[in-house]
**Q** 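Below you will find the structure I want to go over with you.
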Amino acid sequence: MAFWAEKARTLLDWDTPFTTVLDDENPPFFRWFTDGRLNVSANCLDRHVAAGRGDKVAFHWVGEEGERRSLTYSDLLAETQRLANGLKGLGVGKGDVVGIFLPMIPEVAVAMLACARIGAVHNVVFGGFAPSAVRERMEVSDAKVLITVDGARRKGRTAAVKEAVDAELGDLKTLERIVVVRSTGVAAPMLEGRDVWYHELCEQADPVCPPEPLDAEHPLFILYSSGSTAKPKGILHTTGGYLTGATYTHRLVFDLDPSSDVYWCSADVGWITGHSYIVYGPLSNGATSVMFEGAPDYPDRDIWWKIVEEFKVTIFYTAPTAIRTCIKWGPQYPGRHDLSSLRLLGTVGEPINPKAWLWYHKVIGGGRCPIVDTWWQTETGAIMISPVPGVTSTKPGSATTPLPGIFPALVSEDGEPLTEGTGILVITKPWPSMLRTLYRDDERFVQTYFSRFGPNVYVVGDAARLDADGYFWIIGRIDDVINVSGHRLSTAEVESAIVAHEAVAEAAVVAQSDEQTGQAIVAFVTLTGDRVGDDATVAELREHVATRIGKLARPKRVIWADDLPKTRSGKIMRRLLRDIAEGRALGDVTTLRDPSVMAVLAHKIVESDPDE
Ligand code: WT7
């Protein structure tokens with residue numbers, strides 16, 4: 001425990017120093033640094049400004065149409081204070097939930113920091129999600145205020161976000177106010193008394209808002225993530241432990257020198273990667289980062305590398321799926337630019353295949369940059385298994401070994417520890433940035449993570465392999481979660497969206513390996529009555545899923561089924577559907593109620609295989 005106490009004390013500024021490091025009286029409800037008090041926004045902003053680094057750039061923002069905006073630490077602090085006071089004026093107090101539904105514009109970081117400053121709990125929803133997903137997340141978290149935008153740009157087009165938000169959330173009683181950032185200038189309906197422009201709110205607000213000293217265990221944010229059921233899990237992170245983890249790992253894993261590095265994480269702030277490694281880790285460390293609004297292929301497929309060259313980016317962090325896409329596009333795009341500023345590369349979100357690792361190393365890293373393959377989760381808050389540059393020798397495809405202070409282990413189905421081979425990944429000791437619970441659902445928290453092997457063993461949900469050198473090789477999820485381009489989707493959530501379509505009687509969703517996205521969604525669908533499945537219905541179903549969850553969740557393949565394989569108790573056997581989708585020999589079908597279902601289905605697949 002002395003290890004984490006030292007990290008928390010040296011990396012962060014505390015208003016009230018803690019004397020207790022870990023409270024493990026009531027597992028799995030672990031508490032860290034309990035009697036200490038601090039403020040996250042003060043650690044991310046005020047302390048750097050006070051140390052004379054106010055003019056240092058926090059974010060070099062690059063807009064989709066080529067705009068550039070650089071925000072210094074002083075700029076961020078000034079805007080954060082105004083928004084914090086503005087939110088207070090709207091009645092937001094300590095512990096209130098504030099929804100944030102914004103594209104990748106600097107205001108998203110300001111919004112998060114303003115909440116942190118006054119002890120409000122932010123609930124960021126990924127900008128690519130559909131407004132109905134926003135509604136669900138606002139509803140279950142009882143958000144009082146939502147911060148959103150007039151419109152969002154994507155590859156030359158503008159989507160009217162506020163209008164869509166109104167259509168979906170307009171009647172949500174618990175949502176008292178909506179703050180709207182004017183970003184694109186697209187028409188945004190404003191409801192008198194409820195809606196307020198972000199810039200007007202900030203202009204009218206008092207410029208000084210002292211940071212609220214908060215208990216280390218005060219909630220910092222909720223981030224919804226997919227689990228085994230259709231209901232997303234509200235993962236809750238708190239103040240002191242989370243910031244310790246984000247700050248420590250960002251510095252160690254990226255070998256960060258805040259005085260000279262230019263760091264860029266290409267993720268979206270709407271995911272945990274953006275929370276920990278675009279906003280909190282980099283700002284707490286006083287780093288200079290790039291923030292990019294756009295897509296990797298707009299206006300052209302070299303935009304990322306153009307940005308690296310222009311800002312002399314030294315550390316670049318992205319997802320394997322993006323690397324595979326770059327491989328497909330060809331080396332001529334990075335080849336157009338001088339990438340010699342890069343000195344360290346990172347990946348996150350899914351296992352990286354050795355071929356992509358080697359390409360990243362050679363083509364982007366010029367053969368000279370170490371690669372950190374970082375394994376972690378929304379739940380872990382911060383990187384857990386990863387090479388430490390200059391210390392760990394890497395093996396392409398392996399996240400290598402745990403960081404100091406982190407204790408993963410591999411166990412068999414019965415919980416027997418394994419020293420080598422394949423098994424279930426667990427974490428055997430609490431760590432500061434671990435989730436504290438699922439928002440308003442302690443029971444599901446215990447059930448999901450701490451029931452299989454008792455309240456002291458965190459069950460990750462991944463299978464992994466441990467080699468003779470003690471290196472971890474992450475295999476993938478063992479629950480009903482699909483990883484599409486490093487983003488988590490629950491089969492149940494996608495199924496319930498498909499079934500909500502009037503033509504659908506039943507649906508089962510499984511994952512199929514995909515060269516581009518890692519995994520892709522395959523939906524087996526039974527239609528009602530005598531509806532016949534045709535291309536138009538496939539398009540309709542895909543669109544239907546896009547409007548209910550988001551484009552990411554659209555099935556890549558839809559397979560029409562007269563019936564689905566079920567056990568005698570009526571449970572759909574996804575294992576068999578996976579075999580079919582992957583074109584494997586069928587596993588044991590003897591437990592099926594009607595084994596002939598499989599023969600019919602397998603026959604259909606051969607006929608409809610899109611790859612043939
Ligand atoms: C799941 C967590 C952590 C931010 C992005 C995703 C998979 C994550 C790796 C990696 C192999 C990885 C795991 C994990 N995953 N990083 N380096 N190698 N798999 O966060 O949405 O919470 O998903 O992503 O399956 O459990 P998330």
Side-chain angles (χ1 to χ4, degrees), residues 124-126 128-129 221-228 232-237 242 245-246 249-250 253 265-281 317-324 345-354 356-357 360 371-387 392 394-403 406 408 424-427 433-435 438 448-449 458-465 471-490 493 511 513 517-519 550 552-553:
V124 180
V125 181
F126 168 53
F129 275 153
F221 66 85
I222 311 167
L223 188 57
Y224 282 86
S225 184
S226 297
S228 302
K233 302 186 285 197
I235 291 160
L236 183 82
H237 283 287
Y242 171 78
T249 53
H250 185 248
V253 172
C265 165
S266 76
D268 191 282
V269 178
W271 307 108
I272 190 71
T273 308
H275 282 56
S276 301
Y277 300 110
I278 293 177
V279 179
Y280 292 120
Y317 190 31
T318 193
T321 185
I323 298 163
R324 290 193 298 266
L345 302 172
T347 68
V348 61
E350 51 179 324
I352 179 164
N353 43 313
W357 195 101
Y360 195 32
I371 296 180
V372 288
D373 172 352
T374 63
W375 176 86
W376 57 297
Q377 312 176 288
T378 309
E379 290 87 341
T380 67
I383 297 168
M384 305 285 278
I385 303 178
S386 164
T392 318
T394 50
K395 301 186 187 185
S398 168
T400 74
T401 49
L403 296 183
I406 303 297
I424 296 168
L425 186 62
V426 297
I427 316 282
S433 65
M434 68 194 295
L435 79 165
L438 295 178
T448 309
Y449 307 105
Y458 171 81
V459 180
V460 161
D462 284 355
R465 185 166 68 80
Y471 277 46
F472 285 89
W473 300 73
I474 308 298
I475 296 167
R477 305 287 310 185
I478 47 174
D479 51 9
D480 291 325
V481 168
I482 302 183
N483 189 331
V484 180
S485 304
H487 298 135
R488 238 156 96 167
L489 291 158
S490 120
E493 205 176 343
S513 348
T517 57
Q519 290 191 322
L552 209 68

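Just follow the structure's listing: the first ligand is 1, and inside any ligand the first atom is 1.
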**Q** To the nearest 0.1 Å, how far is atom 22 (O) of ligand 1 from its closest protein heavy atom, and which atom is that?
**A** Thr378 OG1, 2.5 Å

**Q** With heavy atoms only and a cut-off of under 4.0 Å, state how Pro351 meets ligand 1: side chain, backbone, both or neither.
**A**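 Pro351 to ligand 1: contacts from backbone and side chain alike.
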
**Q** Ignoring hydrogens and geometry, is there a side-chain-to-backbone donor-acceptor pair from Asp268 to Gly274 under 3.5 Å?
**A**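 No, because the side chain of Asp268 does not come within donor-acceptor range (under 3.5 Å) of the backbone of Gly274.
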
**Q** Could you tell me whether Thr374 and ligand 1 have an N or O pair separated by under 3.5 Å?
**A**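 So ligand 1 has an N or O lying under 3.5 Å from an N or O of Thr374.
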
**Q** Counting non-hydrogen protein atoms only, what is the nearest one to atom 6 (C) of ligand 1? Give residue, atom name and distance.
**A**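 Going by distance alone, atom 6 (C) of ligand 1 is nearest to Gly486 O, 3.9 Å.
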
**Q** Students should be able to answer this: which protein heavy-atom is nearest to atom 16 (N) of ligand 1, and at what distance?
**A**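 Result for atom 16 (N) of ligand 1: Gly349 N, 3.1 Å.
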
**Q** Classify the ring geometry between His487 and Trp271 as parallel (under 30°), tilted (30 to 60°) or perpendicular (over 60°).
**A** parallel

**Q** In the protein, what heavy atom is nearest to atom 4 (C) of ligand 1, and what distance, to one decimal place, separates them?
**A** Thr273 OG1, 3.1 Å

**Q** Which protein non-hydrogen atom lies closest to atom 10 (C) of ligand 1, naming both residue and atom, and how far is it?
**A** Glu350 O, 3.6 Å

**Q** Side chain, backbone, both or neither: which applies to Ile474 and ligand 1 if a contact is any heavy-atom pair less than 4.0 Å apart?
**A** side chain

**Q** Atom 13 (C) of ligand 1: which protein heavy atom is closest, and how many Å away?
**A**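 Nearest protein contact, heavy atoms only, for atom 13 (C) of ligand 1 is Asp462 OD2, 3.0 Å.
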
**Q** I need the single residue from Ile474, Val426, Thr380, Ile427 that forms a side-chain contact (heavy atoms from CB on, under 4.5 Å) with Val460. Which is it?
**A**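 Among Ile474, Val426, Thr380, Ile427, the one that satisfies the side-chain contact (heavy atoms from CB on, under 4.5 Å) with Val460 is Ile427.
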
**Q** Please work out, at 4.0 Å between heavy atoms, whether the side chain, the backbone, both, or neither of Asn483 comes within that distance of ligand 1.
**A** side chain

**Q** If we only count N/O pairs under 3.5 Å, is Arg488 in contact with ligand 1?
**A** yes

**Q** Between Tyr471 and Thr400, is the side chain to side chain contact (heavy atoms under 4.5 Å, CB included) condition met? List the steps.
**A** CA-CA 5 Å; Tyr471 277 46; Thr400 74; 3.6 Å; yes

**Q** With a 3.5 Å distance limit and no angle check, can you tell me whether Ser225 reaches the backbone of Lys233 through a side-chain donor-acceptor pair?
**A** no

**Q** For Met384 and Trp376, work out which heavy atoms get closest and say how close.
**A** N-CB, 3.9 Å

**Q** Could you see which bit of Val460 sits under 4.0 Å from ligand 1, with heavy atoms only: side chain, backbone, both or neither?
**A**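 Within the 4.0 Å criterion, Val460 makes no contact with ligand 1.
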
**Q** For atom 1 (C) of ligand 1, what is the closest protein heavy atom, and at what distance to 0.1 Å?
**A**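 Among all protein heavy atoms, the one nearest atom 1 (C) of ligand 1 is Arg477 NH1, 4.1 Å.
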
**Q** Quick check: does any side chain N or O of Glu379 sit under 3.5 Å from a backbone N or O of Leu435, one acting as donor and the other as acceptor?
**A** no

**Q** Between Glu493 (side chain only) and Pro232 (backbone N and O only), is there a donor and an acceptor less than 3.5 Å apart?
**A** no

